[in-house]
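Encoded as C-alpha cells, the structure appears first; notes follow it.
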Amino acid sequence: MGLHKRVYEIVRRIPAGRVSTYGQIAALAGMPRAARAVGSILHANPEPVVIPCHRVVNREGFLSGAFAFGGPEAQKAMLASEGVEVSEEYKVDLDRFLWKNNSEGESEGW
DNA sequence: AAGTTGACGACGA
DNA sequence: CTCGTCGCCAACT
C-alpha cells in the first residue's frame, strides 16, 4: 500500500492549466505499469477537494468520462477556466498542456 | 475470504 | 501502421 498516497501527492502537484496522465502519475509513483491502480485510486477519490482529478486524463488526452465532480461538462469548464483548451470531444492537447515534472521549458513549438 | 472488474498502459504479433 | 493480449494495484461484489 502507499501507492494511493503517492498518487495523492503527485496529482496534488499538478499545476493549474496543466494536465497529467495516469501512466505519468503511475510512473512518477514508481509503478509505470500500474496506471490502472492510479485510475482505481482516483476513482475512490479520497480527498476530492484536494485532488484535482479533473486534471488527470488518459494517455490520449481524453477525459476520463466518469467524472466525479458533477459531469464531463463541469470538468471541461473547470479545465477551460484554468487555461486548458478542451475539445468538443473532451480531448486535451497533450502536446501543449501535458504537465512535465521536469522544468524543461514548455517546448513552445506552437 | 476469494474472485472479478476497472478513470489505463505498454508490449507483441 | 493497427489489433490483440498481458500486466498492474486497488476497490467492489
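In what follows, chains carry the letters A, B, and so on, assigned in the order in which the sequence lines appear, proteins first and then strands, with residues in each chain numbered from 1.
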Measure the [atom1]-[atom2] distance between [X] and [Y] for me, rounded to the nearest 0.5 Å.
X: A/Arg12; Y: A/Arg6; atom1: CZ; atom2: CZ; result: 16.0 Å
X: A/Leu63; Y: A/Leu79; atom1: CG; atom2: CG; result: 6.5 Å
X: A/Glu89; Y: A/Glu60; atom1: CD; atom2: CD; result: 12.5 Å
X: A/Cys53; Y: A/Met78; atom1: SG; atom2: CE; result: 9.5 Å

Apply the side-chain contact (heavy atoms from CB on, under 4.5 Å) test between A/Tyr8 and each candidate in A/Val50, A/Ile41, A/Asn45; give the one that qualifies.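 Between A/Tyr8 and the candidates, side-chain contact (heavy atoms from CB on, under 4.5 Å) is satisfied uniquely by A/Val50.
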Criterion side-chain contact (heavy atoms from CB on, under 4.5 Å) against A/Val56, the qualifying member of A/Val7, A/Ile10, A/Thr21, A/Val11: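 Filter result, single survivor: A/Val11.
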Interatomic distance where [atom1] belongs to [X] and [atom2] belongs to [N] [whole Å]:
X: A/His4; N: C/dA10; atom1: NE2; atom2: P; result: 10 Å
X: A/Asn45; N: B/dA7; atom1: CG; atom2: P; result: 14 Å
X: A/Ile41; N: C/dC9; atom1: CD1; atom2: P; result: 11 Å
X: A/Leu42; N: C/dA11; atom1: CG; atom2: P; result: 11 Å
X: A/His43; N: C/dC9; atom1: NE2; atom2: C1'; result: 16 Å

Distances under 3.5 Å between protein N/O atoms and the N/O atoms of nucleotides 9-13 of chain B, please, pair by pair.
| unit_1 | atom_1 | unit_2 | atom_2 | d |
| --- | --- | --- | --- | --- |
| B/dG9 | OP1 | A/Arg59 | N | 2.7 |
| B/dG9 | OP2 | A/Arg59 | N | 2.9 |

Strand DNA chain B in bracket notation, Watson-Crick/G-U under 3.5 Å with | for pairs to another chain: .|||||.||||||
N/O to N/O distances under 3.5 Å, protein versus nucleotides 2-5 of chain C:
none

Sticking with atom P, work out how far C/dC6 lies from B/dT4, rounded to a whole angstrom.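 It works out to 15 Å between them.
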Inter-nucleotide C1' distance (C/dC3, B/dA7), Å rounded: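 The answer is 23 Å between these two C1' atoms.
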Does [Y] offer a backbone N or O that forms a donor-acceptor pair with the side chain of [X] under 3.5 Å?
X: A/Arg55; Y: A/Ile14; result: yes
X: A/Asp93; Y: A/Arg96; result: no
X: A/Glu82; Y: A/Ala16; result: no

Measuring only between side-chain heavy atoms, which start at C-beta, is A/Gln24 closer than 4.5 Å to A/Leu98?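 Yes. Closest side-chain heavy atoms under 4.5 Å.
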Heavy-atom side-chain proximity of A/Phe62 to A/Val92 below 4.5 angstrom: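 The answer is no, as the side chains (C-beta and beyond) never meet within the 4.5 Å cut-off.
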